[in-house]
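Take a look at the structure below.
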Amino acid sequence: MQVSLLDLKAQYNTIKDEVKESIEQVLESQHFIMGPQVKSLEEKIAAYTQCKHAVAVASGSDALVISLMAMDIKPGDAVITTPYTFFATAGAVARLGAIPIFVDINPKTYNIDPEKIEDVFRKKSVNRSPLTVNQSSIKALIPVHLYGQSADMDPIMDIAKRYNLTVIEDGAQAIGTEYKGRRVGSIGDFGCFSFFPSKNLGGFGDGGMVTTNSDEYADKMRVLRLHGSKPKYYHKVVGMNSRLDTLNAAVLEVKLAHLDKWSTARKNNAEWYNAKFKDVGLADQFVTTPYSEGWRHIYNQYVIRCKNRDGLMKHLKENGIGCEVYYPVPLHIQECFKDLGYKQGDCPISEAAALETVAIPVYPELTPEQKGYVVETIRKFYM
Ligand SMILES: *Cc1c(COP(=O)(O)O)cnc(C)c1O
């Protein structure tokens with residue numbers, strides 16, 4: 001049996017006709033840039049994320065960059081974030097000449113630990129040779145809702161308020177995720193989403209969206225994504241070319257209507273795994289990402305933390321099961337950030353997680369036979 005980590009073809013087969021019809025409309029209109037489907041998708045995503053505005057952009061990475069630009073992040077400013085995330089979270093900060101400050105994660109949720117954010121402000125400055133960052137340079141905070149589970153937003157928002165930080169939620173893996181009944185992206189000042197094909201709401205190519213409740217930020221971002229021009233050919237600011245293609249918006253509108261069903265199927269698969277791993281006596285070989293009651297987890301990834309991770313991965317691959325490490329190198333020790341002065345040991349929880357975690361298939365279309373085969377294959381490895 002083969003079980004890939006994600007099977008986009010299985011999903012496409014269920015929506016082929018709808019998608020083709022929607023694409024056909026764009027083809028007939030030949031309105032490829034900022035067509036009406038972009039605006040209607042923005043309205044639908046705003047409603048879905050419980051935000052006043054949604055601004056479509058070219059990728060989740062650009063969503064982060066444009067948010068930082070809209071709040072006027074400048075070279076030398078500093079932004080707190082997690083090292084245990086996809087590169088784009090900190091890449092966006094660095095691309096604007098700002099300095100990422102990495103704060104380690106909570107070992108249970110893999111999301112940024114609010115207690116440790118507080119530690120940053122207990123010192124007057126962040127001191128790591130060759131870099132010194134004064135507290136007053138810290139302007140923003142980017143929590144990531146990793147794997148589809150919300151970061152602990154109440155203490156994060158409390159810290160942001162006390163230290164006057166703008167909060168940009170990186171919800172690239174978390175569209176529809178809830179924190180105490182509220183949709184992520186609506187809690188901070190900005191919410192950034194990605195339509196990369198492997199996200200829960202995946203497009204046919206790159207795409208992204210920024211949500212905000214601020215009229216001012218929304219207006220700024222609508223100008224920034226069009227080279228900063230308003231009116232056309234008049235530039236008050238230097239923006240970028242970052243738009244969501246109409247074709248992709250047309251596909252995403254179709255898929256959005258199915259999203260809740262798919263996210264529920266992922267959750268059911270995850271809960272089935274949780275129970276099954278316990279049943280077969282694997283509970284002390286590894287732990288699974290916990291689910292906090294009342295917080296809706298959308299399981300973009302189902303990640304286990306296990307003994308002999310690399311051996312297990314080899315065994316899974318030999319038996320036709322897809323798996324992947326998200327992420328093998330925490331950002332504070334990435335080569336491109338070596339000038340920031342971090343070293344191995346600075347974020348020990350992230351470093352340990354990077355060595356012990358692996359994502360296994362949880363996509364909505366998994367069959368009971370496939371799930372059973374995944375559990376049985378893992379069981380055989382340990383017993
Ligand atoms: C995917 C992802 C991004 C970037 O999104 P792209 O659309 O691929 O640019 C940013 N942050 C996180 C946490 C992601 O998972």
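Every value quoted in this text rests on a predicted model; they were computed, and no experiment measured them. Counting starts at 1 for both ligands and their atoms, in listed order.
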- Query: For E351 and H332, does a side-chain donor sit closer than 3.5 Å to a side-chain acceptor?
  - Reply: yes

- Should the proximity of A88 to ligand 1, defined as any heavy atom under 4.0 Å, be assigned to the side chain, the backbone, both, or neither? side chain

- The protein heavy atom nearest to atom 11 (N) of ligand 1 is D170 OD2, 2.8 Å

- Heavy-atom proximity to atom 2 (C) of ligand 1, best of M209, Q301, Q173, K199: K199

- Query: Would R225 and E42 pass as an ion pair if we require N to O under 4.0 Å?
  - Reply: yes

- Query: When you check the side-chain N and O atoms of Y84 and T357, is any donor under 3.5 Å from an acceptor?
  - Reply: yes

- Message: Taking the basic N atoms (NZ, or NE/NH1/NH2) and the acidic carboxylate oxygens, is any pair closer than 4.0 Å for E356 and R305?
- Response: yes

- Message: As an exercise, identify every atom of ligand 1 less than 4.0 angstrom from a heavy atom of T85.
- Response: 13 (C)

- Task: Could you list which atoms of ligand 1 come closer than 4.0 Å to a heavy atom of T89?
- Result: 11 (N)

- Query: Quick one: do the E18 and H258 side chains pair a donor with an acceptor below 3.5 Å?
  - Reply: yes

- Using a strict 4.0 Å cut-off to heavy atoms of A172, name the atoms of ligand 1 that fall inside it. 2 (C), 3 (C), 10 (C), 11 (N), 12 (C), 14 (C), 15 (O)

- Query: Quick one: does R296's side chain have a donor or acceptor within less than 3.5 Å of a partner on G176's backbone?
  - Reply: yes

- For atom 8 (O) of ligand 1, which of Y326, F87, F196 has the closest heavy atom? F196

- Query: G60 to ligand 1: N or O pair under 3.5 Å?
  - Reply: yes

- Message: Side chain or backbone, does S61 bring an N or O within less than 3.5 Å of an N or O on ligand 1?
- Response: yes

- Note on the structure: atom 5 (O) of ligand 1: closest protein heavy atom, distance to 0.1 Å, is S194 OG, 3.3 Å

- Item | Y302 six-ring face occupied by R266 cation (under 6.0 Å, within 45°) | no

- Message: Suppose I only count heavy atoms of V144 and a 4.0 Å limit; which atoms of ligand 1 are within that range?
- Response: 13 (C)

- Query: Is it true that E118 and R162 make a salt bridge, defined as a side-chain N closer than 4.0 Å to a carboxylate O?
  - Reply: yes

